[in-house]
**Q** 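Before I ask anything, here is the structure I am working with.
Each residue takes its place number in the sequence, starting with 1.
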Amino acid sequence: MQRKIGVISPSLPLKSEEEVETAVKRLENYGVSVEFFTTNDKLQDFMQVQVNEAEIVIASRGGFNAVELLPKLDFSKITKSLCGYSDITVLLNALLAQTGKIQYLGPNLKALNGDVDNYSLKNFLSVAIEQEKAKYYPAKAYMDTHVSKTQTFANQGITVINEGKARDIGRRKFVQSDNACRNKILSGFDDMIVIAEEDDLCGAETFNMFMRNLWALFNYDFAKNIRGLIIGRFMQNSFVDMEVLKQKLQSFETLRHIPVIAGFDTGHTLPQMTLPLGKEAILDTLSDSVLSF
(Lines give C-alpha, C1' and ligand atoms only; values in the text may rest on other atoms or scores of the structure.)
Protein backbone atom coordinates (compact mmCIF):
# COMPACT_ATOMS: atom_id res chain seq x y z
CA MET A 1 0.00 0.00 0.00
CA GLN A 2 1.36 3.41 -0.95
CA ARG A 3 1.86 5.85 1.90
CA LYS A 4 1.01 9.52 1.59
CA ILE A 5 2.19 12.78 3.14
CA GLY A 6 0.73 16.27 2.84
CA VAL A 7 2.90 19.34 2.28
CA ILE A 8 2.10 22.79 3.67
CA SER A 9 4.00 26.09 3.82
CA PRO A 10 3.42 27.70 7.25
CA SER A 11 6.56 29.85 6.90
CA LEU A 12 7.93 31.07 3.58
CA PRO A 13 6.20 29.72 0.46
CA LEU A 14 7.84 27.56 -2.17
CA LYS A 15 8.73 29.36 -5.38
CA SER A 16 7.23 26.37 -7.20
CA GLU A 17 6.79 22.64 -6.70
CA GLU A 18 9.82 22.15 -8.94
CA GLU A 19 11.89 23.59 -6.08
CA VAL A 20 11.40 20.28 -4.23
CA GLU A 21 11.21 17.96 -7.22
CA THR A 22 14.21 15.87 -6.14
CA ALA A 23 12.74 15.32 -2.67
CA VAL A 24 9.40 14.21 -4.14
CA LYS A 25 11.13 11.71 -6.43
CA ARG A 26 13.15 10.31 -3.54
CA LEU A 27 10.00 9.79 -1.49
CA GLU A 28 8.20 8.18 -4.42
CA ASN A 29 11.10 5.76 -4.82
CA TYR A 30 10.30 4.55 -1.30
CA GLY A 31 6.60 4.20 -2.04
CA VAL A 32 5.49 7.52 -0.52
CA SER A 33 3.33 9.91 -2.54
CA VAL A 34 3.17 13.66 -1.91
CA GLU A 35 0.21 16.04 -2.12
CA PHE A 36 0.72 19.81 -1.90
CA PHE A 37 -1.45 22.20 0.10
CA THR A 38 0.51 25.35 -0.67
CA THR A 39 -1.87 28.10 -1.72
CA ASN A 40 -1.58 31.68 -0.49
CA ASP A 41 -3.94 30.90 2.40
CA LYS A 42 -1.78 29.27 5.08
CA LEU A 43 -4.62 28.72 7.53
CA GLN A 44 -6.86 27.09 4.93
CA ASP A 45 -4.02 24.82 3.83
CA PHE A 46 -3.23 23.83 7.42
CA MET A 47 -6.81 22.86 8.17
CA GLN A 48 -7.55 21.28 4.79
CA VAL A 49 -4.70 18.80 5.10
CA GLN A 50 -6.22 17.60 8.39
CA VAL A 51 -9.17 16.03 6.54
CA ASN A 52 -7.06 14.66 3.72
CA GLU A 53 -5.95 11.02 3.57
CA ALA A 54 -2.30 11.97 4.16
CA GLU A 55 -0.82 10.17 7.17
CA ILE A 56 1.48 12.98 8.22
CA VAL A 57 2.15 16.61 7.32
CA ILE A 58 5.55 18.02 6.42
CA ALA A 59 6.53 21.66 6.02
CA SER A 60 7.74 22.55 2.54
CA ARG A 61 10.51 24.77 3.95
CA GLY A 62 11.35 27.05 6.86
CA GLY A 63 11.58 30.83 6.94
CA PHE A 64 9.75 33.31 9.13
CA ASN A 65 6.44 34.12 10.83
CA ALA A 66 4.89 30.68 11.33
CA VAL A 67 3.95 32.04 14.75
CA GLU A 68 1.24 34.15 13.08
CA LEU A 69 -0.83 30.99 12.62
CA LEU A 70 -1.08 30.18 16.33
CA PRO A 71 -4.06 32.39 17.31
CA LYS A 72 -5.97 31.27 14.21
CA LEU A 73 -5.66 27.49 14.53
CA ASP A 74 -8.57 25.37 15.74
CA PHE A 75 -6.56 22.79 17.67
CA SER A 76 -9.66 20.64 18.25
CA LYS A 77 -9.70 19.87 14.51
CA ILE A 78 -6.01 19.08 14.14
CA THR A 79 -5.58 15.33 13.74
CA LYS A 80 -2.20 14.92 12.08
CA SER A 81 1.42 15.25 13.18
CA LEU A 82 3.69 17.87 11.64
CA CYS A 83 7.38 17.54 10.72
CA GLY A 84 9.80 20.43 10.24
CA TYR A 85 12.51 22.50 11.91
CA SER A 86 13.72 26.08 12.29
CA ASP A 87 10.72 28.44 12.16
CA ILE A 88 8.37 25.42 12.27
CA THR A 89 9.42 24.55 15.84
CA VAL A 90 7.04 27.17 17.23
CA LEU A 91 4.18 25.17 15.70
CA LEU A 92 5.58 21.84 16.88
CA ASN A 93 5.58 23.00 20.48
CA ALA A 94 2.09 24.46 20.27
CA LEU A 95 0.63 21.38 18.56
CA LEU A 96 2.22 19.05 21.11
CA ALA A 97 0.98 21.15 24.03
CA GLN A 98 -2.55 21.64 22.69
CA THR A 99 -3.26 18.25 21.09
CA GLY A 100 -0.97 15.88 22.97
CA LYS A 101 -0.14 14.29 19.61
CA ILE A 102 3.47 13.43 18.79
CA GLN A 103 5.18 15.99 16.55
CA TYR A 104 8.43 15.57 14.65
CA LEU A 105 11.50 17.78 14.75
CA GLY A 106 13.06 16.80 11.46
CA PRO A 107 13.68 17.75 7.84
CA ASN A 108 11.26 19.79 5.79
CA LEU A 109 10.63 18.77 2.20
CA LYS A 110 13.21 21.18 0.79
CA ALA A 111 15.87 19.70 3.07
CA LEU A 112 15.19 16.28 1.56
CA ASN A 113 16.30 17.68 -1.81
CA GLY A 114 19.85 17.36 -0.55
CA ASP A 115 20.91 14.51 1.70
CA VAL A 116 23.91 12.37 2.63
CA ASP A 117 23.36 8.77 1.47
CA ASN A 118 19.58 9.24 1.96
CA TYR A 119 20.32 9.31 5.70
CA SER A 120 17.70 11.94 6.57
CA LEU A 121 15.11 10.38 4.28
CA LYS A 122 15.48 6.86 5.65
CA ASN A 123 15.33 8.14 9.22
CA PHE A 124 12.23 10.22 8.48
CA LEU A 125 10.48 7.22 6.93
CA SER A 126 11.43 4.94 9.80
CA VAL A 127 10.47 7.29 12.64
CA ALA A 128 7.62 9.41 11.26
CA ILE A 129 5.99 7.06 8.72
CA GLU A 130 6.65 3.57 10.11
CA GLN A 131 6.77 4.87 13.71
CA GLU A 132 9.54 2.49 14.67
CA LYS A 133 11.57 2.81 17.84
CA ALA A 134 14.43 5.20 17.30
CA LYS A 135 18.10 4.97 18.19
CA TYR A 136 20.45 7.57 16.83
CA TYR A 137 23.95 7.02 15.50
CA PRO A 138 26.11 9.81 14.02
CA ALA A 139 26.26 10.05 10.24
CA LYS A 140 29.69 9.47 8.71
CA ALA A 141 29.55 12.75 6.79
CA TYR A 142 27.52 15.93 6.68
CA MET A 143 26.66 18.71 4.24
CA ASP A 144 26.33 22.45 4.80
CA THR A 145 24.35 23.79 1.86
CA HIS A 146 25.24 27.40 2.70
CA VAL A 147 28.82 26.42 1.83
CA SER A 148 28.24 23.87 -0.94
CA LYS A 149 25.24 21.95 -2.26
CA THR A 150 27.42 19.00 -3.30
CA GLN A 151 30.46 18.81 -1.03
CA THR A 152 30.39 16.66 2.09
CA PHE A 153 32.53 16.97 5.19
CA ALA A 154 33.71 14.30 7.61
CA ASN A 155 31.57 14.13 10.72
CA GLN A 156 33.76 14.43 13.80
CA GLY A 157 31.01 12.87 15.89
CA ILE A 158 29.33 14.03 19.05
CA THR A 159 31.21 16.10 21.60
CA VAL A 160 30.36 15.08 25.16
CA ILE A 161 30.48 18.19 27.33
CA ASN A 162 29.04 16.65 30.49
CA GLU A 163 28.58 12.92 30.93
CA GLY A 164 25.44 11.43 32.36
CA LYS A 165 22.02 9.97 31.67
CA ALA A 166 18.71 11.81 31.40
CA ARG A 167 15.11 10.81 30.84
CA ASP A 168 12.45 12.93 29.21
CA ILE A 169 9.07 11.63 30.33
CA GLY A 170 7.55 12.55 26.99
CA ARG A 171 4.41 14.42 28.01
CA ARG A 172 5.79 17.79 26.97
CA LYS A 173 8.98 18.80 25.25
CA PHE A 174 10.88 21.98 24.63
CA VAL A 175 12.68 22.65 21.38
CA GLN A 176 15.00 25.59 20.96
CA SER A 177 16.24 26.68 17.55
CA ASP A 178 16.94 29.94 15.80
CA ASN A 179 13.42 30.85 16.96
CA ALA A 180 14.39 30.47 20.59
CA CYS A 181 12.60 33.47 22.02
CA ARG A 182 9.20 32.42 20.71
CA ASN A 183 9.63 28.81 21.74
CA LYS A 184 10.43 29.66 25.35
CA ILE A 185 6.87 30.82 25.85
CA LEU A 186 5.50 27.47 24.72
CA SER A 187 7.77 25.18 26.69
CA GLY A 188 6.55 22.41 28.97
CA PHE A 189 7.10 21.98 32.69
CA ASP A 190 7.65 18.22 33.05
CA ASP A 191 11.06 16.56 33.02
CA MET A 192 12.51 17.45 29.65
CA ILE A 193 15.52 17.31 27.41
CA VAL A 194 16.29 20.57 25.60
CA ILE A 195 17.30 20.46 21.95
CA ALA A 196 19.17 23.64 21.04
CA GLU A 197 20.60 24.77 17.72
CA GLU A 198 21.26 27.91 15.71
CA ASP A 199 21.63 28.84 12.05
CA ASP A 200 24.37 31.07 10.59
CA LEU A 201 22.38 34.27 9.98
CA CYS A 202 24.43 36.05 12.65
CA GLY A 203 27.73 34.93 11.14
CA ALA A 204 30.64 35.40 13.54
CA GLU A 205 28.22 36.53 16.27
CA THR A 206 26.40 33.18 16.28
CA PHE A 207 28.21 31.93 19.37
CA ASN A 208 27.28 35.04 21.37
CA MET A 209 23.66 34.92 20.23
CA PHE A 210 23.41 31.23 21.05
CA MET A 211 24.87 31.67 24.53
CA ARG A 212 22.63 34.66 25.26
CA ASN A 213 19.52 32.67 24.42
CA LEU A 214 20.74 29.66 26.38
CA TRP A 215 21.46 31.72 29.50
CA ALA A 216 18.04 33.33 29.23
CA LEU A 217 16.40 29.91 28.95
CA PHE A 218 18.03 28.62 32.11
CA ASN A 219 16.79 31.61 34.08
CA TYR A 220 13.15 30.62 33.59
CA ASP A 221 11.42 28.89 36.49
CA PHE A 222 10.88 25.69 34.51
CA ALA A 223 14.65 25.32 33.98
CA LYS A 224 14.76 23.25 37.18
CA ASN A 225 13.00 20.50 35.21
CA ILE A 226 15.59 20.36 32.42
CA ARG A 227 17.32 16.98 32.64
CA GLY A 228 19.61 17.13 29.61
CA LEU A 229 20.84 19.35 26.79
CA ILE A 230 21.43 18.36 23.16
CA ILE A 231 23.11 20.92 20.89
CA GLY A 232 22.86 20.49 17.13
CA ARG A 233 25.68 20.93 14.66
CA PHE A 234 26.69 24.53 14.02
CA MET A 235 26.97 25.67 10.42
CA GLN A 236 30.45 26.46 9.12
CA ASN A 237 29.72 30.16 8.60
CA SER A 238 28.84 30.39 12.29
CA PHE A 239 32.55 30.01 13.09
CA VAL A 240 31.81 28.32 16.41
CA ASP A 241 34.86 26.64 17.96
CA MET A 242 33.78 23.46 19.75
CA GLU A 243 36.53 23.72 22.36
CA VAL A 244 35.51 27.27 23.23
CA LEU A 245 31.87 26.14 23.41
CA LYS A 246 32.82 23.23 25.66
CA GLN A 247 34.83 25.41 28.03
CA LYS A 248 32.06 27.99 28.24
CA LEU A 249 29.33 25.44 28.94
CA GLN A 250 31.40 23.57 31.52
CA SER A 251 31.82 26.82 33.43
CA PHE A 252 28.04 27.24 33.66
CA GLU A 253 26.96 26.03 37.10
CA THR A 254 23.42 25.08 36.07
CA LEU A 255 24.69 22.59 33.48
CA ARG A 256 27.14 20.78 35.71
CA HIS A 257 24.62 18.25 36.96
CA ILE A 258 22.99 17.27 33.66
CA PRO A 259 24.33 15.47 30.56
CA VAL A 260 25.24 17.82 27.71
CA ILE A 261 26.27 16.89 24.16
CA ALA A 262 27.03 18.96 21.05
CA GLY A 263 27.38 18.23 17.35
CA PHE A 264 24.23 16.11 17.12
CA ASP A 265 22.71 15.53 13.66
CA THR A 266 19.95 18.10 14.01
CA GLY A 267 19.72 21.71 12.92
CA HIS A 268 20.46 23.46 9.64
CA THR A 269 23.01 21.03 8.22
CA LEU A 270 22.37 17.66 6.58
CA PRO A 271 21.64 14.95 7.45
CA GLN A 272 18.88 15.76 9.93
CA MET A 273 17.52 13.19 12.30
CA THR A 274 13.76 13.00 12.87
CA LEU A 275 13.03 13.33 16.59
CA PRO A 276 9.55 12.35 17.85
CA LEU A 277 8.58 15.07 20.31
CA GLY A 278 6.17 13.69 22.87
CA LYS A 279 7.69 10.22 23.18
CA GLU A 280 9.72 9.23 26.20
CA ALA A 281 13.38 9.89 25.43
CA ILE A 282 16.63 8.74 27.02
CA LEU A 283 19.88 10.67 26.63
CA ASP A 284 22.86 8.55 27.71
CA THR A 285 26.36 9.78 26.94
CA LEU A 286 27.83 6.33 27.65
CA SER A 287 25.53 4.56 25.18
CA ASP A 288 26.57 3.92 21.59
CA SER A 289 23.33 5.44 20.31
CA VAL A 290 23.40 8.37 22.81
CA LEU A 291 19.71 9.19 22.25
CA SER A 292 16.80 6.78 22.00
CA PHE A 293 13.00 6.99 21.97
**Q** To the nearest 0.5 Å, what is the distance between CZ (Arg167) and CD1 (Ile282)?
**A** 7.5 Å
**Q** Counting heavy atoms not belonging to Asn208, are there more than 12 under 6.0 Å from its CG?
**A** yes
**Q** Would the distance check show the side chain of Asp115 and the main-chain N or O of Leu270 forming a donor-acceptor pair, the cut-off being under 3.5 Å?
**A** no
**Q** Do side-chain atoms of Thr89 reach the backbone of Ser86 as a donor and acceptor pair under 3.5 angstrom?
**A** yes
**Q** Verify side chain to side chain contact (heavy atoms under 4.5 Å, CB included) between Tyr119 and Asn123, making sure each step is shown before the conclusion.
**A** CA-CA 6 Å; Tyr119 204 87; Asn123 187 252; 5.5 Å; no
**Q** Look only at the side chain of Gln103 and the backbone of Leu82, and say whether a donor-acceptor pair between them is shorter than 3.5 Å.
**A** yes
**Q** Starting at CG of Asp200, measure out to NE2 of His268 and round the result to the nearest 0.5 Å.
**A** 8.0 Å
**Q** Taking atom types as modelled and ignoring hydrogens, do the side chains of Ser9 and Ser60 form a donor-acceptor contact shorter than 3.5 angstrom?
**A** yes
**Q** Anything under 30° is parallel, anything over 60° is perpendicular, the rest tilted; go ahead and classify Tyr136 against Phe293.
**A** perpendicular
**Q** Could you please spell out the steps behind the side chain to side chain contact (heavy atoms under 4.5 Å, CB included) verdict for Leu245 and Phe207?
**A** CA-CA 8 Å; Leu245 176 70; Phe207 177 77; 3.8 Å; yes
**Q** Indicate yes or no for a side-chain donor-acceptor contact from Asn219 to the backbone of Trp215 under 3.5 Å, with no hydrogens or angles considered.
**A** yes
**Q** Check whether any side-chain N or O of Glu19 sits under 3.5 Å from a backbone N or O of Lys15 as a donor-acceptor pair, and report yes or no.
**A** yes
**Q** Could you tell me which residues satisfy ring pair (Phe, Tyr, Trp, His ring centres under 6.0 Å) with Phe153, sequence neighbours excluded, listed by chain and number?
**A** Tyr142
**Q** Between Ile8, Val49, Leu14, which is the residue that forms a side chain to side chain contact (heavy atoms under 4.5 Å, CB included) with Phe36?
**A** Leu14
**Q** Which pair of non-hydrogen atoms, one from Ile161 and one from Ala262, has the smallest distance, and what is that distance?
**A** CD1-CB, 3.9 Å
**Q** Using the ring pair (Phe, Tyr, Trp, His ring centres under 6.0 Å) criterion, which residues pair with Phe234? Sequence neighbours excluded.
**A** Phe210
**Q** Above 12 or not: heavy atoms from other molecules or residues under 6.0 Å from CG of Asn29?
**A** yes
**Q** Looking at Leu112, is its backbone amide N or carbonyl O close enough to the side chain of Arg26 to form a donor-acceptor pair, meaning the two atoms are under 3.5 Å apart?
**A** yes
**Q** Identify which one of Glu28, Glu55, Glu35 satisfies the salt bridge (Lys or Arg N to Asp or Glu O under 4.0 Å) criterion when paired with Lys4.
**A** Glu35
